[in-house]
Amino acid sequence: MYVKNQNSTLPEDPNTIIWKYLDLSKFLDLLLSRKLFLSRSDKFEDQYEGTFSEPTFEEIKRLSENNPEFLSYYKSHREKVVVSSWHINEYESFAMWQIFTQNSEGLAIQSTIGRLQKALEVEKDTQQYIGEVNYIDYKKEYIPFEDTFFPFLFKRKSFQYEREVRVLSDLSDQQIKINDGIKIDIDIKQLIEKIYIHPKSENWYKKLVIELVSKLGFDFEIEKSDLESDILI
């Protein structure tokens, strides 16, 4: 279930458009399982995920001088937090297509903040929070740590092109074995507003996606990416 976190920030407009870029296999897994995958935070490529900036780390070290468990908690906590990443943008992103789809057979799910929040309501076993990522200078700027989710809502400025919104879940209190991540229930029809096909894909691929989606009982609007539309000259 989605629970509002008073400390995390989100765009005020629930109609703010968000995107998820993924390959066909992950997309089909989403539709077949009707579950959203959340990755363990320490499994991301960025080794700074869930860590602190230098000013914050120095303060935590000082506070943990007489309480070493304080520091060890933050080190192990990354293994218990799972994340699903989304991209805020009114339009498609050429960079996101290149980064998150490895070939011309990728797709993009278009949704909104409000749709994502409602779609998470069907999950009953775990609580989810949604927050917008802040991009800061890790050598100079401070990350608050009074909220256990704060380290996961900050990234280095070099990643600010991602314009990321995150679904977060803290599984510290649950006896769940987490390997690469977990899957949670999600209302697929509520989540997906539109599907875009990779800009460099062939027409047969679009027809294949339409047929697969239809056979699985969905009727989403499916369009070819606008990035490869005909040149007007």
Side-chain angles (χ1 to χ4, degrees), residues 1-2 14-41 43-44 82-93 96-130 162 164-169 171 176-228:
M1 73 194 83
Y2 166 67
N15 294 316
T16 299
I17 296 173
I18 57 174
W19 303 78
K20 192 166 192 66
Y21 295 81
L22 66 177
D23 59 32
L24 181 60
S25 59
K26 290 180 179 177
F27 174 68
L28 290 177
D29 181 61
L30 174 68
L31 296 192
L32 284 166
S33 67
R34 295 177 184 255
K35 291 179 182 291
L36 179 68
F37 178 73
L38 280 71
S39 176
R40 215 171 85 176
S41 68
K43 296 289 186 179
F44 281 102
V82 290
V83 180
S84 174
S85 301
W86 295 74
H87 171 69
I88 294 180
N89 206 328
E90 187 176 353
Y91 306 100
E92 288 178 72
S93 166
M96 294 297 108
W97 278 119
Q98 288 191 310
I99 294 167
F100 292 104
T101 58
Q102 299 301 316
N103 52 46
S104 60
E105 297 182 4
L107 306 106
I109 293 171
Q110 180 186 309
S111 188
T112 65
I113 295 288
R115 277 181 169 269
L116 179 59
Q117 290 169 334
K118 290 179 181 176
L120 288 167
E121 291 176 0
V122 298
E123 167 61 26
K124 304 301 181 187
D125 294 330
T126 61
Q127 291 185 341
Q128 286 74 48
Y129 301 87
I130 303 176
E162 292 180 350
E164 192 176 347
V165 162
R166 292 185 152 183
V167 178
L168 298 159
S169 190
L171 307 175
I176 302 175
K177 184 177 181 181
I178 310 167
N179 293 319
D180 293 329
I182 66 165
K183 288 182 178 181
I184 60 170
D185 291 330
I186 194 153
D187 184 338
I188 299 295
K189 291 183 178 180
Q190 178 65 50
L191 175 69
I192 299 176
E193 185 166 23
K194 191 181 292 187
I195 296 166
Y196 283 83
I197 308 294
H198 196 285
K200 295 189 180 297
S201 64
E202 303 289 341
N203 285 334
W204 67 264
Y205 179 69
K206 179 181 178 180
K207 291 177 181 177
L208 173 65
V209 173
I210 291 172
E211 185 176 353
L212 287 170
V213 168
S214 176
K215 285 186 174 180
L216 291 173
F218 299 102
D219 60 351
F220 305 121
E221 184 178 346
I222 302 174
E223 292 187 8
K224 180 83 177 285
S225 166
D226 292 331
L227 295 178
E228 289 290 314

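What's counted below: heavy atoms across the whole structure, side chains too, no hydrogens, waters or symmetry copies.
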E92 versus Y196: any side-chain heavy-atom pair under 4.5 Å?
yes

Any chance you could measure I197, atom CD1, to K207, atom NZ, to the nearest 0.5 Å?
13.0 Å

Kindly check if the number of other-residue, nucleotide or ligand heavy atoms within 6.0 Å of NZ (K26) is above 12?
no

Kindly indicate whether the side chain of N15, heavy atoms from C-beta on, has any atom under 4.5 Å from the side chain of I113.
no

Kindly determine whether V167 and V82 satisfy side chain to side chain contact (heavy atoms under 4.5 Å, CB included), including the steps that lead there.
CA-CA 8 Å; V167 178; V82 290; over 6 Å; no

Intermediate values then yes/no, side chain to side chain contact (heavy atoms under 4.5 Å, CB included), W19 and S93:
CA-CA 9 Å; W19 303 78; S93 166; over 6 Å; no

Could you grab the distance from atom CG of L31 to atom CG of L212, nearest 0.5 Å is fine?
9.0 Å

Roughly how far apart are S225 OG and K206 NZ, rounded to 0.5 Å?
11.0 Å

Under the criterion side-chain hydrogen bond (donor to acceptor under 3.5 Å, both in side chains), I'd like the reasoning laid out for S201 against E105: C-alpha separation, chi angles, the key distance, then a yes or no.
CA-CA 6 Å; S201 64; E105 297 182 4; over 6 Å; no

Would you call V165 and I130 a side-chain contact if the rule is heavy atoms closer than 4.5 Å?
yes

Check this for me, if you would: do K183 and D29 make a salt bridge, where the nitrogen-to-carboxylate-oxygen distance has to be below 4.0 angstrom?
yes

Report yes if some heavy atom in the side chain of R40 is under 4.5 Å from a heavy atom in the side chain of I178; otherwise report no.
yes

Do L116 and T112 have side-chain heavy atoms sitting under 4.5 Å apart?
no

How about CD on E202, more than 12 heavy atoms from neighbouring residues, nucleotides or ligands closer than 6.0 Å, or not?
no

Should T101 and D23 count as side-chain neighbours, where that means a heavy-atom distance under 4.5 Å?
no

Once rounded to the nearest 0.5 Å, what's the spacing between atom CG of L107 and atom NZ of K20?
13.0 Å

With sequence neighbours left out, write down each residue that passes side chain to side chain contact (heavy atoms under 4.5 Å, CB included) with I184, or none if nothing qualifies.
L36, L38, L120, E123, T126, Q128, I182

Approximate separation, where rounding is to 0.5 Å, of L168 CG and S84 OG:
9.5 Å

Flag the pair N89 / I17 as yes when at least one side-chain heavy-atom distance between them is below 4.5 Å, and no otherwise.
no

Sequence neighbours left out, what passes side chain to side chain donor-acceptor pair (under 3.5 Å) with Q110? Give chain and number order.
none

Donor on one side chain, acceptor on other, E164 and S85, under 3.5 Å
yes

Please name the pair of heavy atoms, one in E162 and one in M96, separated by the smallest distance, quoted to 0.1 Å.
CA-CE, 4.2 Å

Passing option when H198 is tested against Y21, F100, W97, F27 for ring pair (Phe, Tyr, Trp, His ring centres under 6.0 Å)
W97

Find out whether S41 and V83 are in side-chain contact, i.e. whether some heavy atom of one side chain is under 4.5 Å from a heavy atom of the other.
yes

Partners meeting ring-ring contact (aromatic ring centres under 6.0 Å, His included) with F218 (sequence neighbours left out):
F220

Closest non-hydrogen contact found for R115 with K189 is NH1-O, 3.5 Å

Please walk me through it: do K215 and E211 pass salt bridge (charged side-chain N to carboxylate O under 4.0 Å, His left out)?
CA-CA 6 Å; K215 285 186 174 180; E211 185 176 353; 3.2 Å; yes

Answer yes or no: are there more than 12 heavy-atom neighbours, outside D219 itself, under 6.0 Å from its atom CG?
no

To the nearest 0.5 angstrom, please state how far the NZ atom of K124 sits from the CD atom of E121.
7.5 Å

